[in-house]
Number of protein chains: 2
Amino acid sequence: MSLRYAILGYLSTGPGTGYDLSRQFDSGLGWFWSARHSQIYPELKRLADAGLVDRHDAVAGEVFDKYVYSITEKGRAELQQWAAAPPTYPPNRDSERLRLIFSDDDPLALRPHLEAHLKHFRERRERLQQTWSSMQAGDHDRVRARIEAGSRERAEITLKLRELAYTGDIARAELEITWALAALEWLDSLGR
Amino acid sequence: MSLRYAILGYLSTGPGTGYDLSRQFDSGLGWFWSARHSQIYPELKRLADAGLVDRHDAVAGEVFDKYVYSITEKGRAELQQWAAAPPTYPPNRDSERLRLIFSDDDPLALRPHLEAHLKHFRERRERLQQTWSSMQAGDHDRVRARIEAGSRERAEITLKLRELAYTGDIARAELEITWALAALEWLDSLGR
DNA sequence: TTGTCCATGTAAACAGTTACATGATTGA
DNA sequence: TCAATCATGTAACTGTTTACATGGACAA
């Protein structure tokens, strides 16, 4: 049920279309949540039906162009209530670990798999660092809007929360890199 | 599609029932994958239909007691093939992070949320450490069976793979603890 | 006799992915 | 005119959770 809050959170900084959300899930927001357009459009309709967002037609010239959604007061209240609610932790589902512990029949087959792990998290770290840097530089419209919407103290808080999120995810990626390097080193010692 | 491999992996050390699997997903295996019995029983039936496991009735006295499943050669082959396949990384879905970045309207509400994070990962770390210690001591039948089934070198590999999995997850938990502590410290400085 | 554990299932609902489907606009 | 991007939807399927359902064994 987090999808609706990801959407409300996005719209809390300003109006947007389903398509905007879709692109956002492929970039910035996508670090924390993601969804396909096939899930987004119906969910936006449900949010509108529930009165958490308003929908109005945008026209290009004379004809209908797209739907623009904006959050309502009710939606804002619901978002804040959810944000304050106690966290729920999903059950562990890590197919990587599964592969690892069931590879003892053929451990050397783990090599490409560990190398992929390394590559994946190195790329992830780079992209996270880039996103975070450009955000600090003020390149992200939505976050800038969020920052400029409030007081100076509030701006600091907004930025600090992003910092916690991004540096936290960067640290996670670094942990995976260190882990994979250690595992590869052990594999090397096995081969010798 | 990892459920079937979690099941095959479990059965690769010896026969078991659906109920055994269900308990296992609540303990040892549960660190890496989990499922409810409502998902396990139908999946076992599908595995049997596909010839990856054999099913035979176990009788208590004269009457049917339970179904015992054991992996077939075909099942073993399928498991190994899957274990060697390149990893796939699921899209990020972290409702914690979502709550964090959308809490700038009321950052002090984050406190219980960060404390829950801390508690959750401290408990997780303890339980992981305990499980790993008792496994090293040879308390886990399945893992011992797995170790005793092969050569001495193979035994070392089995243990080392578990070590990589458990210490990796312990390190992840520790990262979350460190992160939450830093976040709480910042929150404290905000309150002052 | 009451509660806990063992044991196995099905049904309904929810969440998410993949595939199908359409059409306008814009720039090379 | 061709490809990419903008824009919105539905349908079928897969995976997971929650709830419903049953019954034997055993110990307090």
*What are the residues of residues 21-52 of chain A, sorted by number, that bring a heavy atom to within less than 4.0 Å of DNA chain D?*
A/R23, A/H37, A/S38, A/Y41
*Of all nucleotides in DNA chain D with an atom under 4.0 Å from a non-hydrogen atom of chain A, which is the first and which the last going 5' to 3'?*
D/dT5 to D/dT17
_Between B/R146 and B/S12, is there a side-chain donor-acceptor contact under 3.5 Å, judged purely by atom types and distance?_
yes
*Gap between atoms CZ and P, on A/F64 and C/dT22 respectively (whole Å)*: 18 Å
*B/E156: what forms a side chain to side chain contact (heavy atoms under 4.5 Å, CB included) with it, not counting sequence neighbours?*
B/R152
_Which residues in residues 82-103 of chain B have a heavy atom closer than 4.0 Å to any atom of DNA chain D?_
none
*Take the protein atom NZ of A/K66 and the nucleotide atom P of C/dT25, then report the distance between them rounded to whole Å.*
13 Å
*Applying ring pair (Phe, Tyr, Trp, His ring centres under 6.0 Å), name anything that partners A/Y67, two or more places apart in sequence or on another chain.*
A/F64
*Non-neighbouring partners of A/R111 that pass side chain to side chain contact (heavy atoms under 4.5 Å, CB included), sequence neighbours left out*: A/E115, A/L184, A/L187, A/D188
*Got a sec, which residues hit salt bridge (charged side-chain N to carboxylate O under 4.0 Å, His left out) with A/E78, two or more places apart in sequence or on another chain?*
none
*Rounded to the nearest angstrom, tell me the gap between atom CZ in A/R4 and atom P in C/dA15.*
9 Å
*asked:* Once side chain to side chain contact (heavy atoms under 4.5 Å, CB included) is applied, do any residues pair with B/D139, and if so which ones, sequence neighbours excluded?
replied: B/S134, B/A137
*Using the test ring pair (Phe, Tyr, Trp, His ring centres under 6.0 Å), find all partners of A/F121 that sit at least two apart in sequence or belong to another chain.*
A/H117, B/Y89
*Can we say A/D141 and A/R144 salt-bridge, meaning some charged N sits less than 4.0 Å from an Asp/Glu carboxylate O?*
yes
*For B/F32, check ring pair (Phe, Tyr, Trp, His ring centres under 6.0 Å) against everything at least two apart and list the hits.*
B/Y166
*Which whole-number value in Å describes the distance from B/Y69 OH to C/dA7 C1'?*
11 Å
*Could you list the residues that satisfy side chain to side chain contact (heavy atoms under 4.5 Å, CB included) with A/A50, not counting sequence neighbours?*
A/R4, A/L52
*With sequence neighbours left out, what residues match B/R76 under salt bridge (charged side-chain N to carboxylate O under 4.0 Å, His left out)?*
B/E73
*Atom pair distance, as rounded to whole Å: NE2 in B/H56 and P in C/dT8*: 12 Å
